[in-house]
Amino acid sequence: MPNADTVVVLDFETTGLSPTMGDRAIEIGAVRIENGEITGRFQELMNPGQRISGFIEDYTGITNSMLKHAPSCEEVMSQFADFISGYNLVAHNASFDKRFLDAELSNISRTYSGQFACSMLVARRIYPHAPDHKLGTLVRYANIPSDGAFHRALYDSEMAAKLWQAMLRTIEKQTVLPEIPFKLLQKIAKTPKNSVRALLEHS
DNA sequence: TGCCAGGCCCTCTTTAGGGCCTT
C-alpha cells in the first residue's frame with residue numbers, strides 16, 4: 001500500500017485558464033516522492049482536439065505541430081489516473097491544476113482518491129518574505145539549482161517537488177516532529193499567516 | 001507580456017474591491 005505521505009507533484013500545461021470556458025490540457029508532468037526520494041516520473045503531451053493560440057505556443061514552447069500526432073487527452077489521462085492512484089497530490093496553485101484534473105478525468109469517467117495540497121499557499125506562510133510566490137521566484141529564493149527552463153510540465157513539476165522538499169526541511173526545523181504529515185501541510189496552507197509559528201510549535 | 005476563470009488573501013473589510021497565481 002502506498003504511504004499516505006507519499007505524494008505526486010503534478011503540473012498541467014493547458015490551452016488557457018479555465019476548463020469551464022472550453023480550455024483543455026495539452027501536457028501533464030508529474031513526479032512521485034517517496035521517503036524524500038523521487039521514485040517515479042510521468043510526462044506526456046496530449047492532443048486537445050483544438051488549435052492552441054500563439055500565446056500558449058510562445059509561453060510553453062509546445063507547438064500545434066508537436067500536438068498534431070500526440071495521443072488524445074482521453075488516452076493520456078487514463079494512464080495518468082493509474083499513475084496517481086492512491087496518492088496524495090501537490091501542485092503550485094493547486095486550485096488551477098485540480099480544475100483541469102477534475103475536468104479531464106470527468107471526461108473519461110475516472111476519479112482519484114488522493115487529496116490536494118498547494119505548494120503556493122504553503123510557501124506564502126513558510127517563505128513570507130520571498131519577493132513573490134511564483135514558482136520560478138521561489139525556486140531561486142530557496143537556492144534550488146535550476147536552468148530556468150520553466151513552463152514545461154515535467155520541469156515545473158520537478159521544480160515544485162524540490163520546492164516542496166525544501167519547505168518540508170524548513171518546517172522540520174520548527175517542530176519536534178520526526179516527519180511532517182501531509183495533513184499538517186494542508187493545515188499550514190489554511191492557517192492565518194501570523195498563527196503558523198504557534199501551529200508548528202504546538203505540533 | 002496581456003485577455004479569458006476561480007480560489008485565496010489582505011485591507012482603507014464584512015452591504016467590497018483588488019492583487020496574486022496558474023495557462
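Values in this document were obtained by computation on a predicted structure and should not be read as measured data. So that the names make sense, note that chain A is the first sequence line, chain B the second, and so on, each numbered from 1.
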Those residues that, when tested against A:Y112, pass side chain to side chain donor-acceptor pair (under 3.5 Å) (two or more places apart): A:D102

Identify whether any heavy atom of A:D132 sits under 4.0 Å from a base atom; if not, whether one sits that close to sugar-phosphate; answer base, sugar-phosphate or nothing. sugar-phosphate

Return the value, rounded to whole Å, for the distance between atom CG of A:L101 and atom P of B:dT23. 15 Å

In this structure, how many angstroms lie between the P atom of B:dT23 and the CZ atom of A:F150, rounded? 11 Å

Footprint string (nucleotides 5-14 of chain B, 5' to 3'): B base within contact, S backbone only, - free, heavy atoms under 4.0 Å: BB-SSS----

For A:L121, the rest of its hydrophobic cluster, which grows through side-chain links under 4.5 angstrom: A:M120

Whole-Å distance, A:L163 CG to B:dC21 C1', equals 14 Å

If a pair satisfies salt bridge (charged side-chain N to carboxylate O under 4.0 Å, His left out) and one of its residues is in residues 63-89 of chain A, list it, with sequence neighbours excluded. A:R24-A:E74, A:D82-A:R110

Could you tell me whether A:T15 contacts a base, only the sugar-phosphate backbone, or nothing, with contacts defined as non-hydrogen atoms closer than 4.0 Å? nothing

Heavy atoms under 4.0 Å, any strand shown: does A:F12 hit a base, just sugar-phosphate, or nothing? sugar-phosphate

Considering every strand and a 4.0 Å limit on heavy-atom distances, what is the contact class for A:L135: base, sugar-phosphate, or nothing? sugar-phosphate

Between CD1 of A:I28 and C1' of B:dT23 the distance, given in whole Å, is 13 Å

Sequence neighbours left out, cut at 3.5 Å: what donor-acceptor pairs do the side chains of residues 190-203 of chain A make with other protein atoms?
| from | atom 1 | to | atom 2 | distance (Å) |
| --- | --- | --- | --- | --- |
| A:T191 | OG1 | A:K187 | O | 2.6 |
| A:H202 | ND1 | A:A198 | O | 2.7 |
| A:S203 | OG | A:L199 | O | 2.7 |

Name the nucleic acid region contacted by A:N194, choosing base, sugar-phosphate or nothing; use a 4.0 angstrom heavy-atom cut-off, strictly under. nothing

Approximate separation, where rounding is to 0.5 Å, of A:I33 CD1 and A:Y87 OH: 12.5 Å

In the hydrophobic clustering that connects Ile, Leu, Val, Met, Phe, Trp and Tyr at side-chain heavy-atom distances below 4.5 Å, which members other than A:M21 occupy its cluster, ordered by chain and number? none

Ignoring backbone atoms, establish whether A:H133 has a side-chain N or O less than 4.0 Å from OP1 or OP2 of B:dC21. yes

Spacing between A:D23 atom CG and B:dC3 atom P, to the nearest angstrom: 15 Å

